[in-house]
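These notes concern the structure reproduced below.
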Amino acid sequence: MFWNKKNQSSETKPKKIKQERSLKQSTLKRDLQAVRNTSVMNFGFNSNSGSNINFLLMKALPTFRAFSRDAVLKNPIGRKYMNLSVDGVVGSDGLYVKPSVEIDGTEEEINYINEQLEKLFDRWAYDADRFSVDGSLSFDLFQQNAEKVRVQDGECFIRIHNINNTIKLEIQDTARLLQLNNQRLSNGNYISNGIEFDKWHKPVNYYFCKFDPVTYTYITGDYEVIPAAEICHYFIADQQGQERGLPDMVATSKLMEDLKHFTEAALTAKRVSASSMAFITNNNDTTNTDLLGADEREEVTPVYTEYFEAGFIGELAEGQDIKTVTPTNGVDGIDQFTNELMNQISMGLNVTKQALLSDTSNASFSASRLTEKLQQTTFRTRTNVLISKVLKPIYIAWLKNEMLNNNKLNLSFSDFDDLICARYISQKPISLDPVKDIQAELLQLEAGIKSKTQVIAELGGDPVKVLAEVQAEKDKQNKNKEVIQDGNERPEEGTNETPTGD
């Protein structure tokens, strides 16, 4: 009978399984909880363990370095800041090393030694095959790469090699110096953050783990011990006794993430606002109904995923209608929010927002001058660290090797402390008002605050050569004037006139 068929069909029909929605915590909720977190420096440590900077470096340095490297590659703010720091600290041509020995002797002898050392240093420093181990870096490119590594990793390790009586340099990967290698040694020294120190906290050896260039992996536990005399550790310490460097973008990491998320949300909202959606509705009176299984029927709503081109003309089925939705929501306060975040990011990076954004809109001349002076002071501090920790040790190592292997110099090691003196000349930035800068230099010369030699040296020139050339030009001009005067006083041919004297 038909009722038996109905029972059989109901038994064979599979039962619906109610699917429960998984409770997944939203990213917004996690961000709100992170804001309410009051742990010290958000590392999850208590106040006692968070008081030592080296302990924090041991725990969080890989995380800081990973974020900074990612920001330099993907974040426009991180990328711009790295290039800004390189341009301000090093410049496009790099710092120039000019020997300036202070030995006893005549001025001609000292100038001869300076010229000889400068010529030899330039030939070595600006020849990539002689300067670097892999032959890819000259002296100027080396300085730029060292500053880039310091910005993104917080520190840079330069190793000084002596290969076949030639000094060659190599930039080590900072990730090879594992900060978890902490232990006490039998000789009384100890290893902290991968560096061996003596009892006076002076670096003795650096423990770099070996690197597999084929699989791009670091072999932990297998170390290459490099003496501290061969390593130039370039970083800017924030506290006394700090053993490793912190990336510059640590203080702004949370702000940069907030700005990134807000920008993505704003762009998503704008994309939704610029989109149009359509829904096709069916009339209930025209739907087919199964009288035998009316209580068991399932209403299925079709989903259309077609996108029609502009100007499309089509015909709907009977009882169907189209409802369109055009979102109109916008993003309010994006300018104020972005401006506030950029102010805090600029403060954390210790640069002005105008320099960080390269934004010249609504910039007055006085504000640009002030920005220029502030940036010069900021970058000059970092330049001094680069000179003292990297450039001076490199020049000393080169001069020592040159005096040992070059007999033409005929220099004595008893005067070595006076021979290593040199001037490290920074590239002078382009001034917004060069006329006023020159007037300021002239006023200092007239007041006796500066000498011509000092002004020429600050401009990057050689005072001896420049003053000699200026004097030669003056002598030439005076000689030409005398010739002209003699020609004017001389009588014309064919006349009996004689020049009259005073």
Side-chain angles (χ1 to χ4, degrees), residues 93-127 129-133 138-140 142-143 146 158-170 198 200 202-204 226-234 380 383-427 450-469 471:
D93 298 330
L95 278 75
Y96 186 76
V97 180
K98 190 172 186 61
S100 179
V101 300
E102 297 180 355
I103 60 175
D104 296 331
T106 62
E107 185 177 355
E108 290 76 11
E109 294 175 350
I110 294 176
N111 292 335
Y112 175 76
I113 296 175
N114 288 332
E115 292 177 358
Q116 199 173 14
L117 291 178
E118 183 179 3
K119 184 185 298 184
L120 292 174
F121 182 81
D122 289 348
R123 290 178 180 177
W124 169 76
Y126 295 97
D127 186 352
D129 292 330
R130 298 176 59 189
F131 182 78
S132 60
V133 174
S138 57
F139 191 51
D140 50 351
F142 160 77
Q143 297 177 48
I158 299 100
R159 185 177 182 182
I160 303 176
H161 295 271
N162 194 327
I163 303 174
N164 297 327
N165 296 328
T166 301
I167 298 296
K168 293 190 175 184
L169 302 181
E170 179 187 13
D198 59 8
W200 307 110
K202 182 179 180 181
V204 179
I226 302 177
E230 299 180 7
I231 296 294
C232 297
H233 190 185
Y234 174 39
R380 185 61 186 173
T383 303
N384 292 336
V385 178
L386 176 65
I387 292 173
S388 62
K389 290 191 174 183
V390 179
L391 301 186
K392 281 186 177 180
I394 290 175
Y395 181 75
I396 291 173
W398 169 82
L399 182 58
K400 184 184 297 182
N401 180 77
E402 198 71 22
M403 291 174 63
L404 288 173
N405 298 282
N406 192 347
N407 296 326
K408 296 181 180 180
L409 288 177
N410 194 20
L411 300 176
S412 175
F413 274 95
S414 59
D415 301 328
F416 187 75
D417 293 337
D418 297 328
L419 293 171
I420 61 176
C421 297
R423 289 188 292 109
Y424 299 86
I425 303 171
S426 303
Q427 183 176 351
K450 279 187 177 181
S451 63
K452 292 183 178 180
T453 301
Q454 186 178 359
V455 173
I456 296 172
E458 290 178 355
L459 294 174
D462 189 348
V464 177
K465 291 182 179 179
V466 173
L467 293 176
E469 292 175 358
Q471 185 63 37

Does any part of the side chain of [Y], heavy atoms only, come nearer than 4.5 Å to the side chain of [X], both counted from C-beta?
| X | Y | result |
| --- | --- | --- |
| Thr383 | Ile387 | yes |
| Phe416 | Leu399 | yes |
| Cys421 | Val101 | no |
| Asn401 | Asn162 | yes |
| Asn111 | Glu108 | no |
| Leu117 | Leu409 | yes |
| Val390 | Phe142 | yes |
| Ser426 | Leu95 | yes |

Flag yes if more than 12 heavy atoms outside [X] fall under 6.0 Å of its [atom1] atom; otherwise flag no.
| X | atom1 | result |
| --- | --- | --- |
| Asn405 | CG | yes |
| Lys389 | NZ | yes |
| Lys392 | NZ | no |
| Tyr112 | OH | no |

Shortest non-hydrogen contact between [X] and [Y], atoms and distance:
| X | Y | value |
| --- | --- | --- |
| Ile160 | Cys232 | CD1-SG, 3.9 Å |
| Pro99 | Val97 | CD-O, 3.8 Å |
| Phe413 | Met403 | CZ-CB, 3.8 Å |
| Pro203 | Ala228 | O-CB, 3.5 Å |

Straight-line distance of [X] [atom1] to [Y] [atom2], nearest 0.5 Å:
| X | Y | atom1 | atom2 | value |
| --- | --- | --- | --- | --- |
| Leu120 | Lys408 | CG | NZ | 9.0 Å |
| Leu391 | Ile394 | CG | CD1 | 6.0 Å |
| Lys98 | Phe121 | NZ | CZ | 12.0 Å |
| Asp418 | Ile103 | CG | CD1 | 7.5 Å |
| Glu170 | Ile158 | CD | CD1 | 11.0 Å |
| Arg123 | Glu118 | CZ | CD | 11.5 Å |

Legend entry - ring pair (Phe, Tyr, Trp, His ring centres under 6.0 Å) partners of Tyr234, counting only residues at least two apart: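 Not a single residue meets the ring pair (Phe, Tyr, Trp, His ring centres under 6.0 Å) criterion with Tyr234.
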
Inset, instruction - May I ask you to decide if Lys202's main-chain N or O and Asp198's side chain share a donor-acceptor pair within less than 3.5 Å? - result: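 Checking the backbone N and O of Lys202 against the side chain of Asp198, a donor-acceptor pair under 3.5 Å is found.
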
Legend entry - Listed partners of Glu230 passing salt bridge (Lys or Arg N to Asp or Glu O under 4.0 Å), at least two apart: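 Arg159.
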
Legend entry - Test log, rule side chain to side chain contact (heavy atoms under 4.5 Å, CB included), inputs Asp415 and Asp104: CA-CA 9 Å; Asp415 301 328; Asp104 296 331; over 6 Å; no

Inset, instruction - Evaluate side chain to side chain contact (heavy atoms under 4.5 Å, CB included) for Leu404 paired with Asn165, printing each intermediate quantity in order. - result: CA-CA 9 Å; Leu404 288 173; Asn165 296 328; over 6 Å; no

Inset, instruction - List in chain and number order the residues that pass side chain to side chain contact (heavy atoms under 4.5 Å, CB included) with Ser138, two or more places apart in sequence or in another chain; answer none if no residue qualifies. - result: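 Applying side chain to side chain contact (heavy atoms under 4.5 Å, CB included) to Ser138 gives Asp140, Leu141.
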
Inset, instruction - Run through Lys168, Glu402, Arg130 and flag the one making a side chain to side chain contact (heavy atoms under 4.5 Å, CB included) with Trp124. - result: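 Passing option: Arg130.
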
Inset, instruction - I would like to know whether Phe131 and Tyr126 meet ring-ring contact (aromatic ring centres under 6.0 Å, His included); could you show each step before the answer? - result: CA-CA 7 Å; Phe131 182 78; Tyr126 295 97; 8.2 Å; no

Inset, instruction - Answer with yes or no whether the side chains of Asp122 and Tyr96 bring together a donor and an acceptor at under 3.5 Å. - result: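 The answer is yes; a qualifying pair exists.
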
